[in-house]
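What follows is a short report on a single structure.
Atoms within each ligand, like the ligands themselves, are counted from 1 in listed order. These numbers come from the heavy atoms of this one structure, side chains and all, not from hydrogens, waters or symmetry mates.
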Amino acid sequence: MGRNVAQKLIGDHLVSGEMTRGREIALSIDQTLTQDATGTMVMLELEAMGLDRVRTETSVQYVDHNLLQTDEKNAEDHAFLQSAAQRYGIWFSRAGNGVSHPVHQGHFGRPGLTMVGADSHTCAAGALGMLAVGVGGLEVAMAMAGEPLYISMPEIWGVELTGELPPWVSAKDVILELLRRHGVSGGSGRIIEYYGDGLVGLTAMDRHVIANMGAELGATTSVFPADDAVRTYLAERDRAEDFTELLADEDAAYDVHEHIELSQLEPLIAAPSSPGNVRPVREAAGEEVFQVVVGSSANPGLRDFAVVAEAVAGRRVHERVSLDVNPTSREMYADLAREGWLFDMIAAGARVHQSGCLGCIGMGQAPAVGRNSLRTMPRNFPGRSGTDEDAVWLCSPETAAAAALTGEITDPRDLEMAHPEVQMPGTFTISPDLLTPPLPAEEARRVELVKGSNIRSLPTFDPIPDEMDLPILLKVGDDVSTDEIMPAGSRVLPYRSNIPAISEFVFVQVDDTYSSRAVETDGGHAVVGGTNYGQGSSREHAVVAPRYLGLRVVVAKSIARIHWQNLANFGVLALEFDDEADYDALTQDDVLSLRGLHESLRASDEVSAQIGDREVQLRHRLSERQVEMVLAGGRIAQYAQSTAAAG
Ligand code: MIC
């Protein structure tokens, strides 16, 4: 039987395990990606592990998330990251170069390779035929140390695309359609592989848009074949030699099937406050709009900005609307300027910002309370924009442009103009010299890490006791995202390299007494969640900071992939209810008691607990290897033990 693209990528990198659904497999990793908001932790982890030099083919540190320099902290983080990149043999992409995912694709992405990234949208690299998985920082640090990535073998979900997108409908609507059909956990335990004759009309950047938001479906990653569109993309970037064709075999099969006829799609929009809340734009038409933001890793292509520029050219942005433009990268910013598209947007009334993630994670551009903000971004979890009672909608650049002009949610097909036919320039701005290559090993060893006063080494965590009586300090509902556990935004992001300081913000949107109650509770505590607990970002802070406050156990109906792995990596026990009725029965402040824990974790996947006055059956999903890691207090503790034992 032939193999699909995902199976080829996995098969070519399989270090151990069998490609049987649900079994743990280990994959060798060629590249890593870190960004500033997660990267400081990764660099601190490399320091804690005592690594001398990365062992990957290519590792790149980007600076794109936190660019607001309201005091010394941010500039000090950047200096720390640059020194760590020099020390450990990592490429460095300076502030202003732009959002990691498209910049990485442009300079380093290559068909057939594997990558892990400390950012959930790392899956965007699947656009070039890579197997790229968003994971927690420690997973990335381990890959840098030459360790394989351990994952549970996913199902391969074949999504056949046929036909051609109609005018005013673009790549974003394709992924919104999948979110409309399946919601925010529909891709869980799956790799989404796109195939079919509809691929012909989708450029590598269109595919990037679709692959990126596989994260919102909860998928392990997204994969496209490396075909002529990828060949063209690399050739346009003077990297023709980096192309290798990677196609599914003719008789390849998929575990799950889906079909999207592109010509049947219409403009779609995700309503507040979940990427899974998708409906046709026409159903929301007429809602007043106050802000429109274009940019981010979810619509990063030059085309995505050009289409907005052409739609607003010679017109005026509605007086009620702030049209914010966040160019994705410095190179693309230059192209927008050279082609006159920047002029079109500025003259129409747009506000143009520096290149980076900005409002996508609430670093500025926070909207007014309850006032609709339309964004071409990937996420609209409650409060992520920086405003607690926000009303953020996610849409395509076409739908964004229409709202910018009319001041209300508008189906772009109702605009009285022809769909802009964007002509791409013959050449693109390409500036590899703005990326700093790794230092030679001898020179690197002489580099001292530059640590400003806000940069604290990682706290160390002790092993899990065999018996615990843990008060449940918080019980939350379904689909709680990491944005609610450890908020993004300009108040919090500056403390990403300072766990004691950032821990004061844990769960503040949900219950602002959590962190003080946790500090007052001796002997640890537990948190209880609903389904898809911890969906969204890869940020380890959503585990390390509560662990620092004494979190020992999370019990939920189900736990999202990256967050689950982060819990295990830092020695927090993640358990799931056997019977969801037990979730309903328990109350916050009940005590969760565990006895003979070590033995039962090693013996089977069943764990019995006493919660309040009930005997409750729980399950864990840890492999034998992971049980030992959790018992040791997490992966760093275990790595330190094993390297000490090896002498
Ligand atoms: C996000 O989109 O939520 C982020 C910000 O990029 C995160 C990483 C982070 O929290 O720093 C992600 O997606 O992993």
Side-chain angles (χ1 to χ4, degrees), residues 32-43 61-68 74 77 81 98-104 115-125 132-140 184 211-222 273-275 293 295-300 326 328 356-365 375-386 392 394 480-497 499 502 505-506 534-545 560-566:
T32 68
L33 169 160
T34 43
Q35 39 91 343
D36 52 312
T38 52
T40 52
M41 284 282 283
V42 175
M43 299 307 145
Q61 170 64 52
Y62 294 90
V63 177
D64 54 3
H65 277 64
N66 187 3
L67 305 169
L68 289 185
N74 187 241
D77 272 357
L81 288 171
V99 177
S100 63
H101 311 294
V103 177
H104 194 90
M115 172 161 82
V116 291
D119 189 290
S120 58
H121 292 110
T122 302
C123 48
V133 186
V135 291
L138 198 43
E139 230 62 40
V140 177
V184 287
N212 179 285
M213 282 183 69
E216 278 52 59
L217 280 154
T220 304
T221 189
S222 329
S273 289
S274 166
V293 193
S296 90
S297 65
N299 271 112
N326 303 340
T328 323
C357 305
L358 314 180
C360 182
I361 31 120
M363 296 309 286
Q365 304 174 335
R375 301 174 169 211
T376 65
M377 296 170 170
R379 292 196 169 135
N380 59 347
F381 297 131
R384 178 179 163 92
S385 63
V392 175
L394 308 174
V480 164
S481 73
T482 51
D483 279 312
E484 286 146 289
I485 303 173
M486 183 80 258
S490 56
R491 243 171 13 120
V492 184
L493 234 57
Y495 296 107
R496 284 285 181 103
S497 0
I499 294 300
I502 208 169
F505 296 93
V506 179
Q535 69 163 328
S537 87
S538 67
R539 67 190 68 142
E540 291 174 301
H541 306 78
V543 168
V544 184
R561 177 183 63 88
I562 307 181
H563 191 64
W564 181 89
Q565 183 68 62
N566 285 339

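- Smallest separation of non-hydrogen atoms from Met115 and Ala125: CE-CB, 3.7 Å.
- Between Ala118 and Val42, the shortest heavy-atom contact is CB-CG2, 4.2 Å.
- For ligand 1, the polar-atom distance check against Thr38 finds no nitrogen or oxygen pair separated by under 3.5 Å.
- Of all the heavy atoms in Asn326 and Gln365, the pair that sits closest is OD1-NE2, 2.8 Å.
- Looking only at heavy atoms of the protein, atom 2 (O) of ligand 1 is closest to Arg384 NH2, 2.8 Å.
- With a heavy-atom cut-off of 4.0 Å, Ile361 touches ligand 1 through its side chain alone.
- Close approach of ligand 1 to Arg496 (heavy-atom distance below 4.0 Å) involves ligand atoms 9 (C), 10 (O), 11 (O).
- The closest protein non-hydrogen atom to atom 13 (O) of ligand 1 is Ser120 OG, 2.5 Å.
- Remark: of the listed residues Pro275, Ser297, Cys360, Ser385, Cys360 is the sole one forming a side-chain contact (heavy atoms from CB on, under 4.5 Å) with Met377.
- With hydrogens left out, the protein atom closest to atom 8 (C) of ligand 1 is Gln35 NE2, 3.3 Å, a heavy atom.
- Counting the atoms of ligand 1 from 1 in the order shown, those under 4.0 Å from a heavy atom of Ala37 are 11 (O).
- Closest to atom 4 (C) of ligand 1 among all protein heavy atoms lies His65 NE2, 3.6 Å.
- Looking at Ile562, Thr122, Asp119, Thr482 and measuring to atom 6 (O) of ligand 1, the nearest heavy atom belongs to Asp119.
- Shortest contact from atom 7 (C) of ligand 1 to any protein heavy atom: Ser537 CB, 3.3 Å.
- Here the closest non-hydrogen pair linking Pro378 and Asn212 is CB-OD1, 4.0 Å.
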Determine whether His101 and Asp119 satisfy the following criterion, side chain to side chain contact (heavy atoms under 4.5 Å, CB included), listing intermediate values before the conclusion.
CA-CA 9 Å; His101 311 294; Asp119 189 290; 3.1 Å; yes
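- The nearest pair of heavy atoms linking Phe505 to Val492 is CD2-CG2, 3.6 Å.
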Should Arg379 and Ser120 be marked as a side-chain hydrogen bond (donor to acceptor under 3.5 Å, both in side chains) after you check the CA-CA gap, both sets of side-chain angles, and the distance that decides it?
CA-CA 11 Å; Arg379 292 196 169 135; Ser120 58; 2.8 Å; yes
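- With respect to atom 10 (O) of ligand 1, the closest heavy atom belonging to the protein is Arg539 NE, 2.6 Å.
- Considering backbone and side-chain N/O of Asp483, none are found under 3.5 Å from N/O of ligand 1.
- Residue-ligand proximity, His121 to ligand 1, at heavy-atom distances under 4.0 Å covers atoms 2 (O), 13 (O).
- Neither the backbone nor the side chain of His541 comes within 4.0 Å of ligand 1, counting heavy atoms alone.
- Contact detail for Gln61 and Asp36: the closest heavy-atom pair is NE2-N, 3.5 Å.
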